[in-house]
Asks: 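Please see the structure below; I have some questions.
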Amino acid sequence: MESNKHPSSRHKRSPQLQGVELRKDILNTNKHSRSLSGASLCQTIPKWLNLKSFISSVSCTNAIQINPEINQNTPNITDFDAKIQSLRNKLCPDYLIKVLKSTSDINSAVKLFKWASLQRRFNHTADTYYWIIFKLGMAENVEEMEGFCQNMVKDRCPGVEDVLLSLVDAFARNCRLNEAMRVLFNMNLAGIKPSIDVFNFVLGALVEEKRGFQDVVFVYKEMVKAGVAPSIDTLNYLLEVLFETDRVDSALDQYRRINKKGCIPNSRTFEIVIKGLIAKNRVDDSVTILHEMLELGCLPELRFFRSAILLFCGEDRLEQGIRLFRKMKDSNFTPDPFIYGALIQCLCKHLRLDEAVNLLEEMMESRLTPDNNVFVDIVNGFCKLGKINEAIKLLEDKHVHVTSPHNALLKCCCDADKFFMAKGLLEKMSERNIDDCDSWNILIRWLCEKVGVMNAYELLDPASYSELIEGLCRGEKYLEAVKVFCYMSENRCSLQSLLFNMLIEGVCNMGMLNEAVRLQLLAYNSGTSCSNATCNYIMLGLSKSDKGKHMLAFLSQMLVQGTNLDVEAYCILIQSMIAQKQIKDCTLFLNVMVNEGLVPDSDTLYKLLSCLANHSRLYLISVSLDKLVSDCEVLDSAMYNILINGLWKEGNKNEAHRLLDLMLEKGWVPDSMTHGLLIGSGNREGKGEGKLTYVDSIKDSVPWKVTANRRDDGSSALGCQHSIWKKNRLAYKLKIFSVQKFIQLAFKLEDALFLLLSPASRIFMSISLQAVPDVFVAKFACLKPSVGFF
């Protein structure tokens, strides 16, 4: 499939193509489109001179057969017939073009075009041919497209040459390069001679899309067959594709024969050749070509300087890079940061530091920001010359406050065995917050190599240890940080609590829980303060691993060390015990926690209540439940449902009653399980098996007035609301909390509006309709009461 990339604007357009600018709206079709749409080509082509044709109305298009490949989609018969009928009434080229543009199905478009060819007193024009050819080309039906191109020539339509040129331009700009090449072929076949700019336009598009050698050669041969002499742009495209396809010797041969073809190499020519040779590791040959260019007096363009200087500096050819840089400035071109950076790097490699610093200053005076690597190259250059002080002065004078140049300088100090200079530099870096783990590793590694590990640590002070561990943790080098901390602990050197937390968290995240426990014990022995967060990290890690059984052992260690548990610690312990199905330990931790005035988070409490209810062990936390219910709002409706059901099953019905009353007072609705339990209780009440009583929290009085329509017999449609309320007092007193029962009762009283007017409606409006049978919902929805609230 063709690439959708738009051909580069660098391809020049021929005067012929420029003379067809009247087709601009066509040529600006969406470059990403793979199929033609009516909206993307919304403008008709302005007509050329429309001369009356002397050809028969039955034109050559009638001989074209529809390719089965494009007959995959059966056209919409109704739409097709409608368009035919529309064309019968006002058939003319302009209207046919409008219809073709609105026809998305290519098979239908071809049939419409052929139908028009058979009509008397109608002749196709170049415009109508353009649209059918363009649509076929955009649909990649090349064979059909070529047939129409040939028949357009046979029909001798005026403006055929302009149409073919416009098609070449349109196809190339829409990345239909196969189609553009076939149109060029048919132009040659018809004896129409395109200009060199037309061929260059297509060649440029082919090279830009990297279509390969064969396609470029095809167009080049068509140009030769047309008797069109190549220009330097033509030969440049040919050189470019030869280098891209590894035909280096053929490319050099073409380069040597440029003059014989009547052309003179330009800046682009030398850029292509030099770049191609360097890419193929023929740097010496590229230097020779550069010398030829300068001897010929060719004036390089800006893009040549940008390309060649970077290439030669990258190959460590400093002389050529500097020569081009000077010529660039003489040509009044401004170098960019990449050119400066490449030259400075090359100068530093050759230890020409004075010139490198001069270029750096020139760059900064031009208000160009050097890359960090530029300073790294200069620092390394000074260090190779043993000029460490000059490197330090450079960074200070230029106010460089980034890490990489200072790390390079730090390494230079260590390589020069200047330990105290390196230590002082590292301290300054730490003060400016530009040190990282590599900074500390550079110094520690050198110390270990020179004086041994133990002696290396002895050279650092406590503040340095802390900074070292912080840097290592930030760099996620926890194993190295652990080694440093172990040495600190052995020498009774404490670490800040915040940094120790950082270390423990990283070690736990790596799954090294045994190491974390050992470090916690070392911290206790060395005087490093362990916060609750430190212990919580370890407990959380144990709970998530297969070492959860060791949780209580670690808890014992914490208590011996005098650590007080916080809410997070208790929650971790409770959830860990739940996972291990240690029911008694769960209840123990909750009871202790609540007794200390701490409240677990809702997730932990929900899991605990569910676990105890499933095992019928809620009675173990009865005292704690009383405190939780009375002292806080941590219990939600889901927890109330669990407690009511669990307590009821355990036989603690009085407590279940009490919690249900509290739940209703909060305006919460029981879930389906609790709802079913209550219905069962109500049924057993009539049999004397039990009695479920509730607090009557709703007053008998009615807080609003009601007006009701009268029936034909004069009685009220509602009746007296107060009397209705009395009829339902027993049911309401018992408070059988069932929407089904209540609706049935209301319908027995032949007044479903009772649901809307009674005080209980506040409760029922919050109950899910899932609890109501569909028959009642439907019946209730059909009622259309006439009630006025005042």
Side-chain angles (χ1 to χ4, degrees), residues 436-438 440-441 444 457 462 465-582 585-586 589 592-593 598 600-605 607-608:
D436 60 7
C437 59
D438 288 335
W440 290 94
N441 284 340
I444 295 297
Y457 287 142
Y465 286 127
S466 298
E467 292 171 354
L468 176 57
I469 289 179
E470 182 179 4
L472 291 171
C473 289
R474 287 179 179 175
E476 297 184 358
K477 297 187 177 182
Y478 297 108
L479 294 178
E480 292 86 344
V482 167
K483 293 179 181 178
V484 177
F485 179 75
C486 290
Y487 178 80
M488 293 176 63
S489 299
E490 291 173 4
N491 290 274
R492 301 292 178 177
C493 183
S494 62
L495 182 66
Q496 296 176 14
S497 176
L498 184 62
L499 293 179
F500 186 64
N501 288 347
M502 184 186 299
L503 175 61
I504 291 296
E505 182 181 9
V507 171
C508 289
N509 289 338
M510 292 178 65
M512 301 167 58
L513 297 173
N514 290 336
E515 189 68 16
V517 173
R518 186 176 73 88
L519 291 178
Q520 196 267 346
L521 186 59
L522 285 176
Y524 175 75
N525 294 332
S526 64
T528 297
S529 176
C530 294
S531 65
N532 287 100
T534 306
C535 298
N536 292 346
Y537 284 134
I538 298 175
M539 286 198 299
L540 186 61
L542 290 171
S543 67
K544 292 181 178 179
S545 69
D546 57 355
K547 297 180 174 61
K549 58 186 179 180
H550 302 308
M551 179 75 76
L552 296 179
F554 180 73
L555 175 62
S556 300
Q557 178 179 308
M558 290 172 55
L559 296 176
V560 169
Q561 295 172 0
T563 305
N564 294 321
L565 302 184
D566 58 7
V567 173
E568 183 180 359
Y570 275 115
C571 290
I572 294 172
L573 286 168
I574 291 172
Q575 294 207 33
S576 177
M577 296 301 105
I578 293 173
Q580 298 177 53
K581 299 181 180 179
Q582 300 292 329
D585 290 334
C586 293
F589 288 128
V592 173
M593 182 181 188
L598 302 177
D601 60 62
S602 57
D603 182 58
T604 301
L605 185 57
K607 290 180 179 178
L608 176 60

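Please read all numbers here as calculations on a predicted model, not as lab measurements.
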Asks: State which residues pass side chain to side chain donor-acceptor pair (under 3.5 Å) with D585; sequence neighbours excluded, sorted by chain then number.
Replies: none
Asks: For residues M593 and P600, determine if any side-chain heavy atom of one lies less than 4.5 Å from a side-chain heavy atom of the other.
Replies: yes
Asks: List the residues meeting salt bridge (charged side-chain N to carboxylate O under 4.0 Å, His left out) with D438, not counting sequence neighbours, and say none if there are none.
Replies: K477
Asks: Does a side-chain heavy-atom distance below 4.5 Å link C486 with L519?
Replies: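 A side-chain contact exists here, since the closest heavy-atom pair is under 4.5 Å.
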Asks: Tell me, do V567 and D601 make a side-chain contact under 4.5 Å, heavy atoms counted?
Replies: no
Asks: Among residues at least two apart in sequence or on other chains, which ones pass salt bridge (charged side-chain N to carboxylate O under 4.0 Å, His left out) with E515?
Replies: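 For E515, the residues satisfying salt bridge (charged side-chain N to carboxylate O under 4.0 Å, His left out) (neighbours in sequence not counted) are R518.
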Asks: Show the numbers, then the answer: is there a side-chain contact (heavy atoms from CB on, under 4.5 Å) between Y478 and M512?
Replies: CA-CA 10 Å; Y478 297 108; M512 301 167 58; 6.0 Å; no
Asks: I would like to know whether L555 and F589 meet side-chain contact (heavy atoms from CB on, under 4.5 Å); could you show each step before the answer?
Replies: CA-CA 12 Å; L555 175 62; F589 288 128; 3.8 Å; yes
Asks: Contact between M577 and L552 at the side-chain level, heavy atoms closer than 4.5 Å - yes or no?
Replies: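 Yes, their side chains come closer than 4.5 Å.
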Asks: Going by side chain to side chain contact (heavy atoms under 4.5 Å, CB included), I538 matches just one of Q520, Q557, E505. Which one?
Replies: Q520
Asks: Can you confirm whether N536 sits close enough to N532 that some side-chain heavy atom of one is under 4.5 Å from a side-chain heavy atom of the other?
Replies: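 The answer is yes; the side chains approach within 4.5 Å.
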Asks: Heavy-atom distance under 4.5 Å between the side chains of V592 and L565, does that happen here?
Replies: no
Asks: Is the shortest side-chain heavy-atom distance between K607 and I574 below 4.5 Å?
Replies: no
